[in-house]
Every structure is written in structure tokens, then in C-alpha cells.
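Each remark here refers to the structure printed beneath this line.
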Amino acid sequence: MGGLMRCSSPCPSDVKVEYKHERPVLALPLPSRKELCRFSLRPLLMTVGDFLQDVQREDKGVTFAAVLNTDGVRVSSATSLDVLLDKDFQLVINDITYNVHSPPREKASSEHVSELEDMKTVVQRLHAALHLTGHQLLQERELLERMAGLKHELSPLEEVKSRLLTRAEARSTRLLWTGLAVLSVQGGALAWLTWWVYSWDIMEPVTYFITYGTSIGAMAYFVLTSQDYVYPEMKDRQFLHYFYRGAKRQRFDVQKYNRLKEELALVLYCITLSAARGIILSRTNTN
């Protein structure tokens with residue numbers, strides 16, 4: 001923004017954009033201060049939204065500001081000032097409407113226009129890259145702080161989980177070894193009864209009913225658990241059983257742990273994505 005110029009006469013409703021030192025300047029009356037304020041415009045870098053924000057920052061009494069075209073249709077805040085200054089427009093501040101007259105532009109050759117458009121594109125890309133880099137660094141800093149906080153919360157939970165996993169693994173493995181020992185003892189007892197105490201004619205029905213009883217047990221296991229009676233799945237089921245029982249005793253919040261792990265994974269993904277965008281942007285600017 002430029003300096004301020006006081007006016008003793010009533011401010012007109014028609015204002016115009018003038019060029020001062022080859023830069024467009026708009027002398028605009030401010031409602032609260034009753035004086036003209038000169039706004040230096042940057043057509044290639046500023047948008048309509050940026051200009052309206054400057055007006056509201058300069059005068060806190062501005063509660064409403066908008067830009068309309070000559071037909072009374074509101075102009076988008078994302079519109080570049082370079083586009084806006086091609087024609088006259090209306091500026092609405094609170095309940096006052098100002099007719100803004102843009103200065104006429106000299107007609108240039110097609111080659112000059114092409115060079116000017118290329119220069120505008122380069123300036124806009126550079127401006128966007130600089131602002132994006134600052135925003136990206138701020139976002140990455142926030143993500144890193146969030147990641148550090150999540151790891152700090154997960155640290156004690158990870159220790160408890162590690163102990164619970166070790167105990168559950170030991171108990172489920174011990175259960176398998178116990179089953180192997182029982183089957184070994186059962187086989188030895190049947191062999192002893194068959195060859196040293198009784199004969200095969202007597203022990204054959206016994207082994208048959210033992211086998212049939214094992215089949216009934218496997219069928220009951222499937223009915224109760226909806227899983228086949230296979231050793232890997234049975235071990236996994238017992239492992240989870242021992243883990244959750246230990247978690248209940250240790251007051252380990254499994255849902256909270258899973259929520260923090262999912263949030264940490266999302267933060268890590270966002271950090272990776274932000275870093276990839278930074279690499280692509282740097283290569284684009286280099287090219």
C-alpha cells in the first residue's frame with residue numbers, strides 16, 4: 001500500500017486506476033477514516049481476494065467488500081487483478097458502490113503479447129512455488145510434530161504389547177508341546193497294553209473308540225469356533241486368546257493402540273506424499 005491522502009471535499013463515487021511509476025494505483029475512499037488511501041496493485045501476483053483483504057485490513061470499519069462487473073455480477077475472489085483491470089468494474093464497500101475505471105491499455109503486436117503472456121506465466125508459477133514451499137514446510141513441520149507426539153503416546157503401549165505378545169507366544173507354544181506329550185504318552189500306553197498286558201484282539205476296539213472320540217472332538221471344535229481343526233489355526237486362536245486375556249489383566253487398551261497406529265500410518269503417508277510433491281515441484285522449477 002502507498003501513502004495516505006486526505007481530501008476535504010466529499011469523496012466521489014467514481015474512482016479510477018492510475019499508473020504511478022509504471023504500477024497501477026487505486027485511490028479509494030475509506031468509510032471510517034473519511035480519507036483517500038492509495039493501494040498499490042500487483043496485477044500479476046494479486047487476486048481480487050487479496051485486494052479485498054488489503055482493504056479490510058486497512059480500515060476495520062469495512063464489514064463487507066466485493067467486486068462486481070459492470071453488469072452487477074460478482075467477480076470471483078480467485079480472479080487475477082490483471083484480468084480484472086482489463087475492463088471497468090464496480091467496488092462495493094459496506095453500502096457504497098464505487099465505479100472503478102480502468103486505464104486503457106495500448107494495443108501490442110501479437111509477438112509482444114505472446115512474450116508478455118509467457119512472462120506472466122513464469123511470474124505466477126514462481127509466486128505460487130514460493131508460497132507453496134512455505135506452506136509445505138509449515139505443513140511438514142506440523143506433521144513431524146504430530147508424528148513425534150503419536151510415537152510418544154505409543155511408546156509405553158508398545159512395551160506392554162511386546163510383553164503380552166511374548167507371553168501369548170510362549171503359552172500357545174507350550175500348549176502344542178503339551179498336546180504332543182499327551183499323544184506320545186497315549187501311544188506308549190496303548191503299545192504297552194497291547195503287547196505286554198492284553199492282546200490286539202482286546203485293544204482293537206479301544207483304539208477304535210479313541211479314534212472315533214477324537215473325530216467327535218474335532219467336529220465339536222469346528223462347530224464352536226467355525227474353524228477347521230488344523231494346528232496352525234488352532235495355535236493362532238489360542239495365541240489371540242492368551243493375548244486378549246493378558247491385555248485385560250494389564251488394562252491394555254487395544255482399541256486406543258490400533259487408533260494411534262492407524263493415525264501414525266496416515267501421518268507417515270502424508271509426510272511421504274508431501275516430500276514427493278516437493279521433489280516434483282523442485283524439478284519443475286528447475287526445468
Do you reckon L150 sits in the same ILVMFWY cluster as Y257, going by side-chain contacts under 4.5 Å, direct or chained?
yes
Side chain proximity check, V25 to L41, heavy atoms < 4.5 angstrom:
no
Residue pairs involving residues 67-78 (criterion side chain to side chain donor-acceptor pair (under 3.5 Å); sequence neighbours excluded)
none
Would you say T211's side chain and T207's backbone share a donor-acceptor pair under 3.5 angstrom?
yes
Closest approach of V15 to P29 (non-hydrogen atoms, all atoms of both residues):
CG1-CD, 4.1 Å
For the hydrophobic clusters of this structure (ILVMFWY residues joined by side-chain heavy atoms under 4.5 Å, transitively), does one cluster hold both V75 and V92?
no
Could you see if Y98 belongs to whatever hydrophobic cluster contains V67? Use Ile, Leu, Val, Met, Phe, Trp, Tyr and a side-chain cutoff under 4.5 Å.
yes
Looking only at heavy atoms, which two atoms of V17 and P24 are closest? And how far apart?
CG1-CB, 3.7 Å
Spacing of CG belonging to N99 relative to CG belonging to D88, to within rounding of 0.5 Å:
8.5 Å
Distance, nearest 0.5 Å, that separates OG of S172 from CD of Q238
8.0 Å
Would you indicate whether the side-chain heavy atoms of L190 and Q186 approach each other to under 4.5 Å?
yes
Treat each ILVMFWY residue as a node, draw an edge where side-chain heavy atoms are under 4.5 Å apart, and state whether L154 and L266 are in one component.
no
Nearest-0.5 Å distance, CD of residue E263 to CG of residue N258:
13.0 Å
Derivation of the side chain to side chain contact (heavy atoms under 4.5 Å, CB included) call for Y269 and T272:
CA-CA 5 Å; Y269 172 77; T272 304; 5.6 Å; no
Approximate separation, where rounding is to 0.5 Å, of S215 OG and M219 CE
11.0 Å
Minimum side-chain heavy-atom gap D59-V62 below 4.5 Å
yes
Without hydrogens or angle criteria, can the side chains of E169 and Y242 be said to hold a donor-acceptor pair below 3.5 Å?
no
Side-chain contact test, heavy atoms from C-beta onward, threshold under 4.5 Å: evaluate it for T173 versus F239 and give yes or no.
no
For residues W200 and T194, report the shortest heavy-atom separation together with the two atoms involved.
CE3-CG2, 3.9 Å
Between L175 and K235, does the side chain to side chain contact (heavy atoms under 4.5 Å, CB included) criterion hold? Intermediate values first, please.
CA-CA 8 Å; L175 180 64; K235 180 186 177 182; over 6 Å; no
Output, in order, the C-alpha distance, side-chain angles, deciding distance and verdict of side chain to side chain contact (heavy atoms under 4.5 Å, CB included) for L26 and R38.
CA-CA 6 Å; L26 176 60; R38 294 192 176 190; over 6 Å; no
Classify the angle between the aromatic ring planes of F39 and F51 as parallel (below 30°), tilted (30 to 60°) or perpendicular (above 60°).
perpendicular
Interatomic distance, S102 atom OG to L84 atom CG [nearest 0.5 angstrom]
6.5 Å
All heavy atoms of F252 vs all of K161, minimum pair found to be CZ-CB, 3.9 Å
What one should report as the nearest heavy-atom pair of L68 and F89 is O-CB, 3.3 Å
Within the distance-only criterion (no hydrogens, no angle test), does the side chain of S199 pair as donor or acceptor with the backbone N or O of W195 below 3.5 angstrom?
no
Pairwise distance CG(L240) to CZ(R245) - rounded to 0.5 angstrom
13.0 Å
For atom CZ of F64, is the number of surrounding heavy atoms from other residues, nucleotides or ligands below 6.0 Å larger than 12?
yes
Are L28 and E58 close enough, and set up right, to give a side chain to side chain contact (heavy atoms under 4.5 Å, CB included), and what steps lead you there?
CA-CA 11 Å; L28 185 65; E58 183 64 29; over 6 Å; no
Ion pair present between E158 and K261, side-chain N to carboxylate O less than 4.0 angstrom?
yes
Co-membership, hydrophobic cluster, residues I202 and V197, 4.5 Å side-chain
yes
Short side-chain donor-acceptor distance under 3.5 Å, T63 and N94
yes
